[in-house]
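This report refers to the structure that appears directly beneath it.
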Amino acid sequence: MCGIVGLHLRNPELHPRLGELLGQMLGEMQDRGADSAGIAIYGDPTWSPAGQGCVSLLETGVGAAELDAATAAVGAALGSEVAGRLVDDTLVLSAEVDSEILLATAITVYPDALVAGFGADLTVLKGVGAPRDLVQAWGLSNASGWQGVGHTRMATESAVTPSGAHPFAVGPEQCLVHNGSFSNHATIRRELRAVGVEFDSENDTEVGARFVAHQLAQGKDVETALKEVCATFDGFYTLLVSNHDSFAVVRDAIACKPAVIAETDDWVAMASEYRALAHLPGVADARIWEPEPEVVYAWTR
Ligand SMILES: NC(=O)CC[C@H](N)C(=O)O
């Protein structure tokens, strides 16, 4: 199994409710994946202040007692002010620089950290444990923003660790979650390694995320990148991929992993099962459908 949820809010009046709505969606998917969970939130003004680069790091060893010193150390290495907060186990840093500069600096201070995500307005939180407990620990109901993605994991291809939890957010403002398993990921991993791509885990989904990031870095758009995924990857997949302005869904040719999309004038939502969408405002009047195999569905902000 594994559960996927995503919410792209068109109506700014709903932005303050992003975390509340996404948290309920994720909670509904707990029994599809109870070993770990993760979320990506785009546009929360506290976690990722407007106009700043933002970096989410796991496995830094920084607890509440070390937070001020940790933030000061990254600020000293950067040569400008850095804001830091701990959201459960994730160290969330922001500064008035490009997120890739902040990331490169933070990694010099915490070389063993696991990069959960980075981008202009992106915060990524993930962890091992029951999804509903994680939603509470993150204080997700207070988060706001214009887009959110979430995943509940039942591991198939790699260990139950933070590095195996989704989302895989390996390019700027990018995020990918997956239900299924890629059967040729070892081959594609070798091909990507040969052109210099580095990996954090043995997870099959990470290979998909690095592949998409590689395509986007070459200037392709999300739709083209996902068509390349269909042409390259074998196995089963429902994927939800987001970046700085888009939200896209694709399924493999057999489409045995469930997916449902709902759309209103106020939002676009996607989930593994309808019950994750049932509480969304206006869902009774939404256009609701099951995505077709190998068709890329994409929305732009
Ligand atoms: N159950 C799933 O869909 C697992 C997704 C992915 N293969 C993983 O192990 O992380």
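Between the side chain of D266 and the main chain of G282, no donor-acceptor pair closer than 3.5 Å is present. Judged by distance alone, the side chain of S144 and the main-chain N or O of P16 form no donor-acceptor pair under 3.5 Å. Checking side-chain atoms of E66 against main-chain N and O of G63 turns up a donor-acceptor pair under 3.5 Å. Looking at Q147, its side chain never comes within 3.5 Å of a backbone N or O of Y42 through a donor-acceptor pair. Proximity of a side-chain donor or acceptor of D234 to a complementary backbone N or O of N184 within less than 3.5 Å is not detected. With hydrogens and angles ignored, the 3.5 Å screen pairs no side-chain donor or acceptor of S94 with any backbone N or O of G53. At least one donor-acceptor pair closer than 3.5 Å links the side chain of T108 to the backbone N or O of T105. S56 places no side-chain N or O within donor-acceptor distance of the main-chain N or O of V92, the cut-off being under 3.5 Å.
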Evaluation steps, salt bridge (charged side-chain N to carboxylate O under 4.0 Å, His left out), between D200 and R210: CA-CA 10 Å; D200 293 330; R210 300 265 177 208; 3.2 Å; yes
Test log, rule side chain to side chain contact (heavy atoms under 4.5 Å, CB included), inputs H151 and C2: CA-CA 7 Å; H151 187 267; C2 274; 3.5 Å; yes
Derivation and outcome, salt bridge (charged side-chain N to carboxylate O under 4.0 Å, His left out), residues E28 and R132: CA-CA 9 Å; E28 283 297 326; R132 286 194 189 115; 5.2 Å; no
Verdict with supporting geometry, L122 and C54, side chain to side chain contact (heavy atoms under 4.5 Å, CB included): CA-CA 6 Å; L122 177 64; C54 188; over 6 Å; no
Chi angles and distances behind the side chain to side chain contact (heavy atoms under 4.5 Å, CB included) call for V97, L78: CA-CA 9 Å; V97 293; L78 183 66; 4.1 Å; yes
Test log, rule side chain to side chain contact (heavy atoms under 4.5 Å, CB included), inputs L216 and Q174: CA-CA 10 Å; L216 296 179; Q174 292 167 30; 3.5 Å; yes
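Both I41 and V135 are part of a single hydrophobic cluster, where members link through side-chain heavy atoms under 4.5 Å apart. In the hydrophobic clustering of ILVMFWY residues, with side-chain heavy atoms under 4.5 Å counting as a link, V207 and L226 come out together. Hydrophobic clustering, with ILVMFWY side chains joined whenever heavy atoms are under 4.5 angstrom apart, keeps L58 apart from Y110. Clustering ILVMFWY residues whenever any of their side-chain heavy atoms sit less than 4.5 angstrom apart, transitively, puts V296 in a cluster other than the one holding F247. Under a hydrophobic-cluster definition in which Ile, Leu, Val, Met, Phe, Trp and Tyr are linked whenever side-chain heavy atoms come within less than 4.5 Å, directly or via other members, L22 and M29 are assigned to the same cluster.
For the atom pair T238 OG1 and D252 CG, the distance stands at 6.5 Å (nearest 0.5 Å). In this structure, NZ in K257 is found 6.5 Å from OG in S181, a value given to the nearest 0.5 Å. Atom OG of S242 is separated from atom CG of L7 by 11.5 Å, given to the nearest 0.5 angstrom. One finds the CG atom of L86 at 5.0 Å from the CG atom of L67 (value rounded to the nearest 0.5 Å). In this structure, L176 CG and H166 NE2 are separated by 8.5 Å, a value rounded to the nearest 0.5 Å. Rounded to the nearest 0.5 angstrom, E294 CD and E292 CD are separated by 11.5 Å.
When only modelled atom types and interatomic distance are considered, S246 and N243 share a side-chain donor-acceptor pair under 3.5 Å. In the model, E20 has no side-chain atom that pairs as donor or acceptor with a side-chain atom of S141 under 3.5 Å. Between E263 and W299, the side chains place a donor N or O and an acceptor N or O closer than 3.5 Å (distance only, hydrogens not considered). Side-chain contact, D221 with T224: a donor N or O sits under 3.5 Å from an acceptor N or O. Looking at N203 and T205, their side chains do bring a donor and an acceptor atom within 3.5 Å of each other. For S158 and E202, the side-chain atoms include no donor-acceptor pair closer than 3.5 Å.
Side chains of V74 and L102 form a contact here, defined as non-hydrogen atoms less than 4.5 Å apart. Put simply, the side chain of V149 does not reach to within 4.5 Å of the side chain of M270, judged on heavy atoms. The side-chain heavy atoms of I39 and L140, taken from C-beta on, include a pair separated by under 4.5 Å. Here the side chains of W267 and H8 are not in contact, with every heavy-atom distance at 4.5 Å or above. You'll find the side chain of D204 reaches within 4.5 Å of the side chain of H178, heavy atoms only. Between R17 and P281, some side-chain heavy-atom pair lies under the 4.5 Å cut-off. Side chains of L18 and W146 form no contact here, defined as non-hydrogen atoms less than 4.5 Å apart. Counting heavy atoms from C-beta outward, L277 and V260 have side chains that approach closer than 4.5 Å.
Looking at every heavy atom in both residues, V82 comes nearest to G75 through CG2-CA, 3.6 Å. Heavy atoms only, all atoms of each residue included: V250 and V295 are closest at CG2-O, 3.7 Å. Among all heavy-atom pairs drawn from I288 and A262, the shortest one is CG1-CB, 3.8 Å. Counting all heavy atoms, side chain and backbone alike, A259 lies closest to P291 at O-CD, 3.3 Å. What you find for S163 and F168 is that their closest heavy atoms are O-CE2, 3.4 Å. Residue G38 comes nearest to L26 through the heavy atom pair O-CD1, 4.3 Å, listed as atom of the first residue, atom of the second, then distance.
Taking the charged nitrogens against the carboxylate oxygens, K126 and D88 have no contact shorter than 4.0 Å, which rules out a salt bridge. The residues R275 and D31 are annotated as salt-bridged, a charged nitrogen and a carboxylate oxygen being separated by less than 4.0 angstrom. In this structure, R32 pairs ionically with E273, as a charged nitrogen and a carboxylate oxygen lie closer than 4.0 Å.
Both tests hold for R189 against F199: distance to the six-membered ring centre under 6.0 Å, angle to the ring axis within 45°.
Residues F233 and F211 place their aromatic rings such that the two centres sit under 6.0 Å apart.
Taking the six-membered ring for Trp and thresholds of 30 and 60 degrees, F182 and Y237 have ring planes inclined between 30 and 60 degrees apart.
When each of I4, V241, V177, L240 is checked for a side chain to side chain contact (heavy atoms under 4.5 Å, CB included) with P167, only V177 meets the rule.
The 12-atom threshold is not exceeded at CD of E13, counting heavy atoms of other residues, nucleotides or ligands nearer than 6.0 Å.
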